[in-house]
Amino acid sequence: METAAAPAHDFSMLALFLQADWVVKGVMIGLLVASIWCWAIIANRIAAYAKARRDMAAFDKAFAAGRPLADLRQDYAGKTQSGLSAVFVAAMDEWDKSHAAQAAAGGLQSRLEIALDLAVTEQSAKLEQRLGFLATIGSAGPFVGLFGTVWGIMNAFTAIANAENTSLAVVAPGIAEALLATALGLLAAIPAVIAYNKLSADAGKLISRLEGFADRLVALLSRQIDAGRAL
């Protein structure tokens, strides 16, 4: 009489997750949530940088038209400022405050430079917002997944020892469950690393544009100060 064949083990991802140890399950859930959050950050930053480029292009066009700076400032008064317009308005605010207080013209340029530096720093922080999370997941994700794998393999070998059976049919399910944690760690880390490098480069270009505009603006205002002219 033939012995009935043992039922095939279910190696689908859902089955492997459900059969995993609770620690491994926790690692898998954490990595999956981190991966989803990374993609949300990536989409958010791509949209934010595209908007920043459009806003900078529009302001550059208005600034290059050669209109009086006072008139240009009126166009942006009362609006939410970001990018180049925020840097421009910060400089104009300091210009007006210094003249309203009848402060010495000799220190105006240094005050303008400080105001511009602060504005550029603030806008740079907004551009780089949330990129740190991508860097963290990109570097830590594989190690978190590896921790889940090591823990799962330990449990698998313990089960093998208790069953006193080292056949592949006994070993494979536990090993597969453990390796799924490493796969999820890589699934979270690889896009995070690629996106962090790309988005950091994009943010760096935008920040360089802010710094360049700040230098141009302080040079323009410095000439106005030296000539003793109003805006």
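What you see below is based on every heavy atom in this structure, not just the backbone, and it leaves out hydrogens, waters and symmetry mates.
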List the atom pairs, donor and acceptor, that lie under 3.5 Å between side-chain atoms in residues 202-214 and the rest of the protein, sequence neighbours left out.
residue	atom	partner	partner atom	Å
Asp202	OD1	Lys198	NZ	3.1
Asp202	OD2	Lys198	NZ	2.7
Ser208	OG	Gly204	O	2.9
Arg209	NH2	Asp60	OD2	3.1

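Between Glu122 and Asp117 the shortest side-chain heavy-atom distance does not fall below 4.5 Å. Counting heavy atoms from C-beta on, the side chains of Leu31 and Leu187 never come closer than 4.5 Å. Here the side chains of Leu72 and Phe59 are in contact, with some heavy-atom distance below 4.5 Å. A 4.5 Å side-chain heavy-atom check between Ser124 and Val120 finds at least one atom pair inside the cut-off. At least one side-chain heavy atom of Arg216 sits less than 4.5 Å from a side-chain heavy atom of Phe63.
Distance check, rounded to the nearest 0.5 Å: OG1 of Thr136 to CG of Leu131 gives 11.0 Å. Residue Ile194 holds its CD1 atom at 11.5 Å from CG of Leu199, rounded to the nearest 0.5 Å. Taking OG from Ser35 and CG from Leu186, the interatomic distance works out to 11.0 Å, rounded to the nearest 0.5 Å. Atoms CD and CG, from Glu113 and Leu118 in turn, are 12.0 Å apart once rounded to the nearest 0.5 Å. The distance from atom CG of Leu32 to atom CH2 of Trp37, rounded to the nearest 0.5 Å, is 14.5 Å. The distance from the SG atom of Cys38 to the CG atom of Leu134 is 5.0 Å, given to the nearest 0.5 Å.
One N or O on the side chain of Gln123 and one on the backbone of Gly83 form a donor-acceptor pair closer than 3.5 Å. Between the side chain of Arg130 and the backbone N or O of Ile42 there is no donor-acceptor pair closer than 3.5 Å. No donor-acceptor pair under 3.5 Å is formed between the side chain of Ser200 and the backbone N or O of Asn197.
For residues 181-192, every residue pair satisfying the side chain to side chain donor-acceptor pair (under 3.5 Å) rule, not counting sequence neighbours, is listed here: Thr149-Thr182.
Aromatic ring orientation, Trp151 versus Phe147: tilted (interplanar angle from 30° to 60°).
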Open item on the list: Before you tell me yes or no, could you show the steps for Leu221 and Met92 under side chain to side chain contact (heavy atoms under 4.5 Å, CB included), namely the whole-Å CA-CA distance, both residues' side-chain angles and the distance that decides it to 0.1 Å?
Closed with: CA-CA 10 Å; Leu221 294 176; Met92 294 300 98; 3.8 Å; yes
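Judged as a salt bridge (charged side-chain N to carboxylate O under 4.0 Å, His left out), and not counting sequence neighbours, the contacts of Asp55 are Lys51.
Within 6.0 Å of the CZ atom in Phe88, the count of heavy atoms belonging to other residues, nucleotides or ligands exceeds 12.
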